[in-house]
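Working notes, beginning with the structure itself.
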Amino acid sequence: MPGLADRLAGPVLEVAPTLLGAVLRHETPQGAVAVRLTEVEAYAGEQDPGSHAYRGPTKRNEVMFGAPGRLYVYFTYGMHYCCNVVVGETGHASAVLLRAGEVVEGTDLARERRGNGPDRDLARGPARLCQALGIDLRHNGSDLGEGALALTLPEAPHHLEEVLTGPRVGLRHAADHPWRFWLADEPTVSVYRPAKRLSAEPRGPGRGRPGAP
DNA sequence: AAACAGATCTACT
DNA sequence: GTAGATCTGTTTT
């Protein structure tokens with residue numbers, strides 16, 4: 001079977017939906033926690049105004065410019081970490097933000113790290129997901145092919161009917177691209193919050209249709 | 001050495 | 001559902 005990096009080397013908009021259902025597992029001395037991904041967002045590198053790579057390579061985003069199959073971790077809002085899987089060919093700086101997932105192993109340890117709250121919220125949201133898995137800046141650049149932090153792709157991609165798409169969350173620019181993907185009927189998908197500059201949806205937010213314009 | 005900017009979360013109504 | 005707070009790392013002079 002092909003290596004992880006090979007399966008992630010394609011265009012980010014094609015690879016991102018295939019990460020749904022994948023399992024990210026982190027093994028530490030305290031135990032292991034695994035999360036099944038239910039929501040991701042695509043970031044298209046230097047051409048994407050919403051990407052950290054938009055203004056070219058820096059010390060912080062250099063991992064995105066490297067080989068696919070590695071983890072790009074960044075720090076934000078003074079207290080949160082978020083993690084991305086680097087995809088696309090080396091040098092293209094594409095990445096997929098892991099927005100939410102379902103804890104499928106090590107629930108107790110995840111609860112310890114997260115504190116009190118419903119289990120469905122343990123990895124609901126990009127910063128919560130990192131916290132539940134015990135991921136921080138030390139893991140920036142980690143190879144997910146093998147090691148304590150490993151990503152396992154599903155045997156077969158999900159059917160298109162199960163995948164919904166919509167605009168990305170929390171961006172000032174380029175918020176009109178439907179580059180956010182999530183699995184239908186998953187309680188662990190994070191709440192949709194529209195970008196600040198956009199006019200509110202006439203009907204309730206959070207409902208996306210596959211292929212909707 | 002200083003200013004900036006933020007791919008968010010938690011709490012509350 | 002909505003509003004508000006919040007702190008560090010990164011970037012830039």
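Proteins get letters first, then strands, A, B, ... in listed order; numbering begins at 1 in each.
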How many whole angstroms separate atom OH of A:Tyr81 from atom C1' of B:dG6? 15 Å
Is there a residue in residues 127-137 of chain A whose heavy atoms reach under 4.0 Å of DNA chain B, and which residues are they? A:Ala127, A:Arg128
Could you give the CZ-to-P distance, from A:Arg124 to B:dT10, as a whole number of Å? 11 Å
Between C:dT8 atom P and A:Met79 atom CE, what is the distance in whole Å? 9 Å
For a side-chain hydrogen bond (donor to acceptor under 3.5 Å, both in side chains) check, start with the C-alpha distance between A:Arg114 and A:Gln131, then their side-chain angles and the critical distance, and finish with the verdict. CA-CA 7 Å; A:Arg114 288 272 325 127; A:Gln131 193 179 358; 2.6 Å; yes
Does A:Asn84 use its side chain to pair, donor to acceptor, with the backbone of A:Tyr72 at less than 3.5 Å? yes
Under a 4.5 Å cut-off applied to non-hydrogen side-chain atoms, are A:Leu153 and A:Leu8 in contact? yes
Rounded to whole angstrom units, what separation is found between the CZ atom of A:Phe75 and the P atom of C:dT6? 15 Å
Restricting to pairs with a member in residues 128-154 of chain A, which pass salt bridge (Lys or Arg N to Asp or Glu O under 4.0 Å), not counting sequence neighbours? none
When you check the gap from the basic side-chain N to the acidic O, do A:Glu186 and A:Arg124 get nearer than 4.0 Å? no
Are A:Leu137 and A:Ile135 connected into the same hydrophobic cluster when the rule is that any two of I, L, V, M, F, W, Y join if their side-chain heavy atoms are below 4.5 Å apart? yes
Would you call the rings of A:His80 and A:Tyr77 parallel, tilted or perpendicular, where under 30° means parallel and over 60° means perpendicular? tilted
If we only count heavy atoms from C-beta on, is the A:Val85 to A:Val87 side-chain gap below 4.5 Å? yes
Could you name each residue pair satisfying ring pair (Phe, Tyr, Trp, His ring centres under 6.0 Å) that touches residues 106-139 of chain A, not counting sequence neighbours? A:His26-A:His139
Steps toward side-chain contact (heavy atoms from CB on, under 4.5 Å) verdict (A:Leu144, A:Leu24): CA-CA 9 Å; A:Leu144 299 174; A:Leu24 183 60; 4.1 Å; yes
Salt-bridge criterion met for A:Arg60 and A:Glu62 (N-O under 4.0 Å): no
Can you give the dot-bracket line for DNA chain B, using ( ) for pairs inside the strand, [ ] for pairs that cross earlier ones, | for pairs with another strand and . for unpaired bases, where Watson-Crick and G-U count if both distances are under 3.5 Å? ||||||.|||||.
Between atom OH in A:Tyr77 and atom C1' in C:dG9, what is the gap in whole Å? 14 Å
Near-strand residues of residues 8-19 of chain A, defined as heavy-atom separation under 4.0 angstrom from DNA chain B: none
Begin with the C-alpha distance, continue with both residues' side-chain angles, and end with the deciding distance and a verdict on side-chain hydrogen bond (donor to acceptor under 3.5 Å, both in side chains) for A:Glu46 and A:Ser51. CA-CA 7 Å; A:Glu46 289 179 294; A:Ser51 171; over 6 Å; no
Within residues 36-64 of chain A, those residues having any heavy atom closer than 4.0 Å to DNA chain B are A:Tyr43, A:Gly50, A:His52
If you draw the axis of the six-membered ring of A:Tyr43, does the NZ or CZ of A:Arg168 fall within 45° of it and under 6.0 Å from the ring centre? yes
Find the distance A:His80:NE2 to C:dT8:C1' and express it as a whole number of Å. 11 Å
Please examine the side chains of A:Phe181 and A:Leu20, heavy atoms only from C-beta on, and report whether any two atoms are closer than 4.5 Å. yes
For B:dA7 and C:dT12, measure between their P atoms and round to the nearest Å. 15 Å
Provide, to the nearest angstrom, the distance between the CZ atom belonging to A:Arg180 and the C1' atom belonging to B:dA7. 12 Å
I need the CG-P distance between A:Asp121 and B:dT10, as an integer number of Å. 8 Å
